[in-house]
Amino acid sequence: MALHTCAGTGAQYYQMANYDSWAAEKGFITIYPSTPNDFQCWDVASKATLTHNGGGDSASLVRMVQYVIDKYNGDPTKVYVTGASSGCMMTNVLLAAYPDVFAAGSCYSGVAANCLAGSPGSSPISADPQCASGQNVKTGEEWAELVRAMYPEYTGKSPRMQTFHGTADSFVNYPNLAEELKEWSALLGVEFSHNETDTPQRGYTKMVYGDGTQLVGISAAGVGHIVPPIAAADIAWFGLG
């Protein structure tokens with residue numbers, strides 16, 4: 001599942017990321033959904049979307065995934081999600097609220113799941129600015145507790161996460177990368193291990209947690225909003241390469 005930015009559409013994100021150039025060769029299907037609401041931003045703020053089976057955009061997206069699995073006899077253990085900006089925010093929400101559906105996420109220039117909880121909306125016009133400005137700061141365990149409350153009955157493993165952010169992002173500010181990494185580090189039980197410079201490309205630094213198979217963050221030096229999607233990196237992270 002590939003999720004567009006605010007003011008975007010599924011068709012626009014197809015052009016931006018184009019995972020379909022890999023799909024025929026690697027044997028997977030990409031869903032490019034669209035939302036018409038709140039300036040075409042995904043709902044990552046309401047109680048419904050932040051609750052497992054609670055409704056909202058997150059539940060609608062999961063229904064799309066389930067439809068495609070049923071229709072095309074897909075493997076339910078190999079469901080992945082990616083997106084940019086608002087799409088990355090929703091990637092975090094889907095992994096948090098539906099860890100039984102998604103095996104991993106890889107996304108660009110977003111915020112931690114629950115960062116916008118209780119906000120009047122999810123768009124730049126309707127949202128509480130504290131989240132996007134990087135001022136919603138919590139410990140890893142505080143983030144993790146909020147995620148666990150989204151699906152209290154779930155006792156399984158959290159999905160794997162790869163997240164990119166530009167150091168010059170002044171729209172969804174760079175400190176949000178640290179909050180995402182704290183959240184997933186606590187949920188996955190992995191600690192920062194080491195940096196890998198010029199990875200996956202020159203000027204990018206990969207921050208590796210544990211052995212690098214569960215959580216990585218990629219800091220893009222001098223890049224603003226949005227880090228351009230790197231399909232090859234996403235495909236590799238998902239194990240579809």
Side-chain angles (χ1 to χ4, degrees), residues 42 44-45 47 49-52 54 58 80-119 122 127-167 169 172-196 199 204-220 227 233 237-238:
W42 300 104
V44 295
K47 178 66 173 176
T49 203
L50 294 173
T51 302
H52 181 80
S58 63
Y80 310 102
V81 58
T82 184
S85 191
S86 179
C88 185
M89 297 178 190
M90 179 54 83
T91 294
N92 278 268
V93 167
L94 288 172
L95 296 186
Y98 295 91
D100 54 338
V101 175
F102 296 93
S106 178
C107 68
Y108 302 83
S109 310
V111 302
N114 277 283
C115 184
L116 272 166
S119 171
S122 301
D128 180 345
Q130 183 173 341
C131 173
S133 63
Q135 297 178 65
N136 198 344
V137 177
K138 303 182 187 298
T139 67
E141 189 52 37
E142 285 173 336
W143 284 121
E145 283 302 310
L146 289 172
V147 169
R148 294 183 188 113
M150 296 166 74
Y151 189 4
E153 299 82 9
Y154 185 71
T155 58
K157 187 176 179 295
S158 292
R160 299 180 296 110
M161 182 56 153
Q162 173 174 262
T163 182
F164 296 72
H165 218 110
T167 63
D169 193 338
V172 178
N173 288 11
Y174 182 68
N176 280 296
L177 175 61
E179 299 309 305
E180 282 184 274
L181 291 172
K182 285 191 288 185
E183 181 171 78
W184 293 104
S185 173
L187 287 164
L188 289 161
V190 290
E191 298 294 332
F192 173 77
S193 171
H194 64 279
N195 286 333
E196 296 177 6
T199 304
Y204 286 32
T205 300
K206 179 187 284 188
M207 295 169 281
V208 179
Y209 284 70
D211 63 3
T213 63
Q214 303 300 305
L215 176 64
V216 297
I218 294 94
S219 176
V227 176
W237 181 249
F238 297 149

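Just the heavy atoms: all of them, side chains too, but no hydrogens, waters or symmetry mates, feed the values below.
Applying the ring pair (Phe, Tyr, Trp, His ring centres under 6.0 Å) rule to Tyr98 yields the partners His52; only residues at least two apart in sequence or on another chain are considered. With sequence neighbours excluded, the residues satisfying side-chain hydrogen bond (donor to acceptor under 3.5 Å, both in side chains) with Asp169 are His165, His225. Taking the side-chain contact (heavy atoms from CB on, under 4.5 Å) definition, one finds that Glu141 meets it with Thr139, Ala144, Glu145, Arg148, Ala186, sequence neighbours left out. Remark: Leu188 pairs with Lys157, Ser158, Trp184, Val190, Gln214, Leu215 by the side-chain contact (heavy atoms from CB on, under 4.5 Å) rule, at least two apart or across chains. Annotation: side-chain contact (heavy atoms from CB on, under 4.5 Å) contacts of Ala84 (sequence neighbours excluded): Thr5, Tyr13, Met16, Tyr108, Ile226. Taking the side-chain contact (heavy atoms from CB on, under 4.5 Å) definition, one finds that Ala104 meets it with Tyr80, Arg160, Trp237, Phe238, sequence neighbours left out. For Tyr209, the ring pair (Phe, Tyr, Trp, His ring centres under 6.0 Å) partners two or more places apart in sequence, or in a different chain, are Phe192. Scored by the side-chain hydrogen bond (donor to acceptor under 3.5 Å, both in side chains) test, Thr205 finds no partners at all (sequence neighbours excluded). Partners of Ser133 by side-chain hydrogen bond (donor to acceptor under 3.5 Å, both in side chains), not counting sequence neighbours, listed by chain and number: Gln135.
In this structure, the side chains of Leu50 and Val93 come closer than 4.5 Å at one or more pairs of heavy atoms. In this structure the side chain of Leu94 never reaches within 4.5 angstrom of the side chain of Val101, judged on heavy atoms. With a 4.5 Å cut-off on side-chain heavy atoms, Trp42 and Thr91 do not count as touching.
Residues in residues 181-195 take part in these salt bridge (Lys or Arg N to Asp or Glu O under 4.0 Å) pairs, two or more places apart or across chains: Glu179-Lys182.
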